[in-house]
Amino acid sequence: MSVAAATEAFLDVRNLKVSFPTEDGVVSAVDGVDFSVRKGRTLAIVGESGSGKSVTAQAIMGLVNRKTASLSGEVFLDGEELVTARPEQVRSLRGKRMAMIFQDPLSSLHPFYSIGKQLVEAVRVHQDVSKDVALKQAREMLDRVGIPSPDRRLKDYPHNLSGGMRQRVMIAMALLNSPELLIADEPTTALDVTVQAQIIDLLRDLQKEFGTAIVLITHDLGVVADLADDVVVMYGGRIVERGAIDDIYYRPEMPYTLGLLGSVPRMSAGETSRLEPIPGQPPSLINLPKGCVFRPRCPYHELVPGNRCDDERPDLLAVTPDHAVRCHLEPGQRREIATERLGAYSGQANAPATTGTAGMEEK
Amino acid sequence: MTAVDESGTSEVLRREDALLRVDRVQKYFPVTGGGVLKRHVGDVKAVEKISFDIVPGETLGIVGESGCGKSTAGRTVMKLLDPTGGKIEFEGRDITHLSRKEMVPLRREMQMIFQDPYSSLNPRHTVGAIISAPFKVQGVKPARGVQAEVQDIMARVGLNPEHINRYPNEFSGGQRQRIGIARAIALRPKLIVCDEPVSALDVSIQAQVVNLLEDLQDEFQLAYIFIAHDLSVVRHISDRIAVMYLGRIMEIADSEKIYESPRHPYTHALTSAVPLPDPKAERARERILLEGDLPSPIDPPSGCVFRTRCPKAQQRCADEVPEVREFAPGHFGACHFPEEKHLIPVSVA
């Protein structure tokens, strides 16, 4: 990977829309999503269930069923457009230039075939090599992802392995053809923290070595803080805030982002602090509110004059070149609220970190 | 039980006013050979001599990796499973060997909240029937009538009382968990065992339910056993925390101590593995990576069960089972070579 290649977007998603017609109405799961990822960088997509984060990933990978869903917008992988590309073309890229890791390895591995057989097939779909060569590659990759005695494991079946081992096998399978883009959909959610830490380290090491672009999809703000360079916050199928990692954690502006940050217990929190949840439920994607999608759960909508939050969809507007927010509140108001809210839950937390960040928030 | 056990592990914090006292409780599941005879070939020691107590209004968190026996521990002290050994006392009364029938009156005092709000509610029963079931089972007739009482409880847990005739499928995951909580508090119990009560919920909903549990605790002086794998949630809600590994309690102490000055290497590794939702603190975080996987509970390692993954393990750890001892007042653990005090730089300056 050259330095020049690293400065331009390897994955570029523009105005991506995915909707599913159902008996009850059209579910617009993803509605106009834009983002890009460079090589060697990690973009995290954060959101709750129904935010559209997984559908976005599936759309990029060409895994959305075109018979049941309508898809529009553009997805460029190293300059090649995928939404209008022929399915065979996308299939040839999938597993080779882009690969995906799923949350549940047990349902993503075939129960009847040995690990070795599945890995060999993954190699031979994209490379014209003999079985022996493919097996050697599979063995090396198992070793790379930290699986002890890989020779024995090649003969094992998925049910012989522990959850962490299966997740490693899936990562090994995704990495077999050295993809340049790796999409990880909740890669550690099903794992214990000790195993999660091993998998996170593995992803980081592999990225360092191969310069992989990673799209990390998760709801775990701890994992995001650990791995991501940039963050996209999704709600109701839209990006509601986007920024560099420090923008999102220390200078968030969208009330939903503030709500998410207030909902997670801080490991260093004192006994007295109370969580500040977001009231209400995530929206139904069938009958989305006419105005701001977050309006029904937003405690600040009354600050915006003229019912704009009810009537008008806010645009995703840049506050700095890297940081964009979708909210009708005035930037000054948003920062005031954020400072107040952040003070409410970061006063006790992160003693070394807060001193640095508090100053930034006041600017 | 041998004499060594008698003198060894019993001295874990015996508080006078304990609501529940658990003393060296064991739960084994027999492993049988194949074939018709079902020969007994061994035991899965799911819970091995755990001891703790809980006072009214207190929350004891139980943490550990999957398969460490934390759920089995919760179910055993609730007497939903019969303990293989040890002693369970509730309000000073030995309940270890009570039959199912004898336990029924006690169920008014101890209740349970489950992880999965989708499978722990009967889909064919209305919310009203689900929440009022404890009244029926216990033969309790609320003074104002069952319906008024149920609606009162629904309002208390944040459900709309007008939805009393709806079915569980008409509610979201967070609301279903509220139904489960309503059922658990209907008889005003003294102790509730919460088994992963928020892990199936979205982050924003999780916080709502955690706050509700805290409010109910304040209002009714409830004691909780809070079993979860999410260490930050457990820390947030718990007064004391027990750390389990392979069926044993490795360390038990006030939650501040568990996180700020853990003495057992396993606790240290476990708490250091949690990613912090704060990028700057996260970049500075020091981690102890554990090698390998959990050993099989059928054939646990000799001596200290953690020694196969312990960065500090020595010969003595393989030869000798470490006894539970008191590292500091109220701070107990089982380790031959505990960490020094305040090994972790205290993050609260």
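Here the structure is a predicted model, which means the values were calculated and not measured. In what follows, every chain begins at residue 1, and chains take the letters A, B, ... in the order their sequences are listed.
- Of the listed residues (A:Pro282, A:Gly222, A:Ser49), the greatest number of heavy-atom pairs within a distance under 4.5 Å of chain B belongs to A:Gly222.
- With chain B as the partner, the residue from A:Leu221, A:Asp226, A:Ile278, A:Val193 showing the most heavy-atom pairs under 4.5 Å is A:Asp226.
- Minimum heavy-atom separation, B:Arg235 to B:Glu256: NH2-OE2, 3.0 Å.
- The choice from A:His219, A:Gln196, A:Gln281, A:Met165 that makes the most heavy-atom pairs within less than 4.5 Å of chain B is A:Gln281.
- B:Phe226 is linked by a ring-ring contact (aromatic ring centres under 6.0 Å, His included) to nothing, counting only residues two or more places apart in sequence or in another chain.
- Contact of B:Gln206 with chain A is not made at all, since no heavy-atom distance falls under 4.5 Å.
- Listed by first then second residue, pairs satisfying salt bridge (Lys or Arg N to Asp or Glu O under 4.0 Å) with a partner in residues 253-263 of chain A read A:Glu253-A:Arg334, A:Glu253-A:Arg335, not counting sequence neighbours.
- Looking at A:Val223, the atoms closer than 4.5 Å to chain B (heavy atoms on both sides) sit in the backbone and in the side chain alike.
- Interface summary for chain A: among B:Ile237, B:Val210, B:Val209, B:Asp215, the most heavy-atom pairs under 4.5 angstrom belong to B:Asp215.
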Practice item. Decide side-chain contact (heavy atoms from CB on, under 4.5 Å) for A:Thr56 and A:Ile217; before the verdict, give the C-alpha distance in whole Å, the side-chain angles of both, and the deciding distance to 0.1 Å. Key: CA-CA 10 Å; A:Thr56 303; A:Ile217 296 168; over 6 Å; no
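- B:Leu289 touches chain A through its side chain: at least one heavy atom from C-beta onward sits under 4.5 Å away, while N, CA, C and O do not.
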Exercise for review: Check step by step if side-chain contact (heavy atoms from CB on, under 4.5 Å) holds for A:Arg168 and A:Leu161.
Suggested key: CA-CA 10 Å; A:Arg168 279 161 200 264; A:Leu161 306 177; over 6 Å; no
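- Dense packing is recorded around CZ of B:Arg283, with more than 12 heavy atoms of other residues, nucleotides or ligands lying under 6.0 Å away.
- The most heavy-atom pairs under 4.5 Å with chain B, out of A:Val224, A:Leu260, A:Asp201, come from A:Asp201.
- Contact count versus chain B (heavy atoms, under 4.5 Å) is highest, among A:Pro148, A:Gly280, A:Gly163, for A:Gly280.
- Ranked by heavy-atom pairs under 4.5 Å with chain A, the first of B:Ser172, B:Gly158, B:Ala284 is B:Ser172.
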Check your understanding: Hey, mind stepping through B:Ile241 and B:Thr267 against side-chain contact (heavy atoms from CB on, under 4.5 Å) and telling me if it holds?
Key -> CA-CA 11 Å; B:Ile241 293 175; B:Thr267 312; over 6 Å; no
